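Values below: every heavy atom of this structure, side chains too, minus hydrogens, waters and symmetry copies. Each residue takes its place number in the sequence, starting with 1. In this text, all values refer to a predicted model and were calculated from it rather than measured experimentally.
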Amino acid sequence: MGDSSDSVSIAIDMVPFGGKEFLVKTSRGSLSVFVCGDQEKPALITYPDVALNYMSCFQGLFFCPDAASLLLHNFCIYHIDAPGHELGANVISPDVPLLSVDDLADQVAEVLDFFGLTRVLCLGVTAGAYILTLFAMKYNERVLGLILVSPVCKAPTWTEWLYNKVLMNLLYFYGMCGVLKECLLQRYFSKELRYGIHGAESEVIQACLRLLDERQSPNVMRFLQAINRRHDLTDDLKKLQCKTLIFVGESSPFHAESVHMSDKIGRKNCTLVEVKACGSLVTEEHPLAMLVPIEFFLMGFGFQRQPHFASSSSNGSNPSSPSSHSCIAPELLSPEGLGIKLKPIKTRADIEI
């Protein structure tokens with residue numbers, strides 16, 4: 001994508017529900033932001049994991065009809081891609097300075113300024129979850145709430161740091177090769193999905209591999225390098241002033257860190273949802289498992305599902321009915337039918353919005 005235009009339209013059949021792509025010029029370089037929905041509505045911003053863009057990271061969730069009645073009914077979605085991760089991106093010049101995680105978080109603030117957004121809800125996956133958490137710490141008055149998927153909050157361990165160095169060397173010398181793609185699939189998905197019941201690749205895996213082939217290796221390496229230099233946020237997590245909902249797959253390599261992050265934020269402000277037989281990318285592997293917890297989380301802010309939609313993930317019940325405001329629905333108390341394991345949920349505390 002060139003820098004000659006402030007906004008670029010994209011084919012509507014490539015993305016759920018249509019929308020428009022903007023190239024937002026920030027003080028730290030340009031960012032692609034895909035806007036989906038009515039811009040008069042409250043804003044939900046997303047940020048994907050390493051080597052993914054909004055299509056490969058969030059299409060499983062946003063293609064769900066139930067998500068349309070819950071998310072697009074209440075929000076305008078602003079999908080922020082990491083620098084150089086958008087569809088059709090050019091290679092970022094080696095002369096452009098490498099960005100730190102703080103630079104990436106500051107870019108998010110500039111995106112909000114570009115669109116005139118004052119306060120937003122945030123949805124991020126792993127590396128993207130880290131960037132949005134850091135953004136929430138630096139600009140707490142601009143964040144309504146956080147929905148984090150398999151997040152990280154610590155500085156990388158020596159094992160992760162060395163592993164990421166190997167990935168960066170693969171990117172530098174071989175590009176998006178087969179070995180690298182297999183390493184990324186292990187980062188994103190559970191073993192069950194990667195190999196399938198009969199050893200066949202699932203459609204989710206095939207789609208992810210196709211989209212990985214479109215990534216510019218130097219751009220992925222830059223994002224991975226920033227994440228590999230991240231600093232520890234643990235001591236500041238209790239300072240988060242927004243409600244937080246964390247999802248993590250039980251097979252995710254970041255499971256322990258996500259649980260640690262939930263504990264440090266505290267049960268007063270954070271809910272942890274562990275998804276069985278799932279890797280890090282819950283938005284693609286088990287998106288339906290996210291809908292009911294997100295619905296109850298949003299109820300705490302006064303958002304409800306579109307009235308004439310019934311939630312298939314609620315086994316026929318309607319969590320937006322008046323009775324659901326007085327107690328937690330039975331589905332959340334007996335979540336086995338959803339294939340998820342839930343920690344105690346308290347998302348309906350009074351919040352000033």
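- R215 contributes no side-chain N or O that, together with a main-chain N or O of L212, makes up a donor-acceptor pair within less than 3.5 Å.
- No donor-acceptor pair closer than 3.5 Å links the side chain of K181 to the backbone N or O of C208.
- With a 4.5 Å cut-off on side-chain heavy atoms, H231 and L233 count as touching.
- Across all non-hydrogen atoms, the minimal contact from G175 to L180 is O-CD2, 3.6 Å.
- L162 and F254 fall into different hydrophobic clusters, where Ile, Leu, Val, Met, Phe, Trp and Tyr residues are linked whenever their side-chain heavy atoms come under 4.5 Å apart, directly or through other members.
- The closest donor-acceptor contact from the side chain of Q216 to the backbone of I92 lies at 3.5 Å or more, if one exists at all.
- Judged purely by atom type and a 3.5 angstrom limit, S280 uses its side chain to pair as donor or acceptor with the backbone of R187.
- Checked by atom type and distance alone, the side chain of N74 pairs as donor or acceptor with a backbone atom of Q304 at under 3.5 Å.
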Does the side-chain contact (heavy atoms from CB on, under 4.5 Å) test come out yes or no for C76 and V35, once each step is laid out? CA-CA 7 Å; C76 179; V35 181; 3.5 Å; yes

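- A distance-only check finds no donor-acceptor pair linking the side chain of E284 to the backbone of V204 [under 3.5 Å].
- Note on M221: it does not cluster hydrophobically with W161, by side-chain heavy-atom contacts below 4.5 Å among ILVMFWY residues.
- Taking a 6.0 Å sphere around CG of D213, one finds it holds more than 12 heavy atoms contributed by other residues, nucleotides or ligands.
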### Message
Between L52 and L211, does the side-chain contact (heavy atoms from CB on, under 4.5 Å) criterion hold? Intermediate values first, please.
### Response
CA-CA 8 Å; L52 301 177; L211 289 165; over 6 Å; no

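- Contact check for M290 versus C64: no side-chain heavy atoms found under the 4.5 Å cut-off.
- Looking only at atom types and distance, the side chain of S69 has no donor-acceptor partner in the side chain of D66 under 3.5 Å away.
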Assess the residue pair F75 and F303 against the criterion (ring pair (Phe, Tyr, Trp, His ring centres under 6.0 Å)); give the C-alpha distance rounded to whole Å, side-chain angles, the decisive distance to 0.1 Å, and a yes or no. CA-CA 9 Å; F75 300 98; F303 298 108; 4.6 Å; yes

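- The salt bridge (Lys or Arg N to Asp or Glu O under 4.0 Å) pairs that include a residue from residues 126-148 are D102-K138, D106-K138, D113-R142, where partners are two or more places apart or lie in different chains.
- When the options E257, H260, K154 are evaluated for a side-chain hydrogen bond (donor to acceptor under 3.5 Å, both in side chains) with T234, the one that passes is H260.
- Across R229, R28, R222, a single residue satisfies salt bridge (charged side-chain N to carboxylate O under 4.0 Å, His left out) together with D103, and that is R28.
- Annotation: the span from L44 atom CG to L117 atom CG amounts to 11.0 Å, rounded to 0.5 Å.
- Side-chain contact between Y47 and F135 is absent, with no heavy-atom pair separated by less than 4.5 Å.
- Taking all atoms of both residues into account, the shortest heavy-atom contact from V143 to C122 is CG1-SG, 4.2 Å.
- The shortest side-chain heavy-atom distance between S27 and E110 falls under the 4.5 Å cut-off.
- The CG atom of L245 sits 12.5 Å away from the CG atom of N269 when rounded to the nearest 0.5 Å.
- Of the candidates D263, V152, I246, T126, S258 forms a side chain to side chain contact (heavy atoms under 4.5 Å, CB included) with just one, namely I246.
- Shown are L31, I131, I80, L132; of these, the side chain to side chain contact (heavy atoms under 4.5 Å, CB included) with L104 is made only by I131.
- Between L184 atom CG and S56 atom OG the span is 10.5 Å, to the nearest 0.5 Å.
- Taking CZ of F58 as the reference point, atom CG of L281 lies at 8.0 Å (rounded to 0.5 Å).
- Every residue meeting the ring pair (Phe, Tyr, Trp, His ring centres under 6.0 Å) condition with F223, not counting sequence neighbours, appears here in chain and number order: H85.
- Salt-bridge formation is detected for the pair K239/D236: a Lys NZ or Arg NE/NH1/NH2 atom is positioned less than 4.0 Å from an Asp or Glu carboxylate oxygen.
- Separation of atoms CD1 (I77) and OH (Y54) is listed at 12.5 Å; rounding is to 0.5 Å.
- Here the NZ-CG distance, from K41 to L71, works out to 10.5 Å after rounding to the nearest 0.5 Å.
- Residues L237 and T244 have side chains not in contact (no heavy-atom distance under 4.5 Å, counting atoms from C-beta outward).
- Atom NZ of K191 is surrounded by 12 or fewer heavy atoms from other residues, nucleotides or ligands within 6.0 Å.
- Remark: side-chain polar atoms of E285 are paired, donor with acceptor, to backbone N or O of G279 under 3.5 angstrom.
- Counting heavy atoms from C-beta on, the side chains of V24 and F115 come closer than 4.5 Å.
- Of all heavy-atom pairs between V101 and L134, the closest is O-CD2, 3.5 Å.
- Formation of a donor-acceptor pair under 3.5 Å by the R194 side chain with backbone atoms of F189 is found in this model.
- Using a 4.5 Å heavy-atom threshold, the side chains of E21 and L87 count as separate.
- Between V50 and A127, the shortest heavy-atom contact is CG2-CB, 3.8 Å.
- Nearest heavy atoms, G249 versus H255: O-CD2, 3.6 Å.
- Here the side chains of I294 and F247 are in contact, with some heavy-atom distance below 4.5 Å.
- Here the shortest heavy-atom pairing between P83 and Q107 reads CG-OE1, 3.7 Å.
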Could you give the side-chain donor-acceptor pairs of residues 165-173 under 3.5 Å, partners two or more places apart or in another chain?
residue	atom	partner	partner atom	Å
N169	ND2	K165	O	3.4

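- A donor-acceptor pair under 3.5 Å is formed between the side chain of N219 and the backbone N or O of N90.
- Checking side-chain atoms of S217 against main-chain N and O of M176 turns up a donor-acceptor pair under 3.5 Å.
- Transitive grouping of hydrophobic side chains (ILVMFWY, heavy atoms separated by less than 4.5 Å) keeps L98 and V96 in distinct clusters.
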Candidate pair T271 and F297, rule side-chain contact (heavy atoms from CB on, under 4.5 Å), full reasoning:
CA-CA 9 Å; T271 297; F297 181 71; 5.7 Å; no

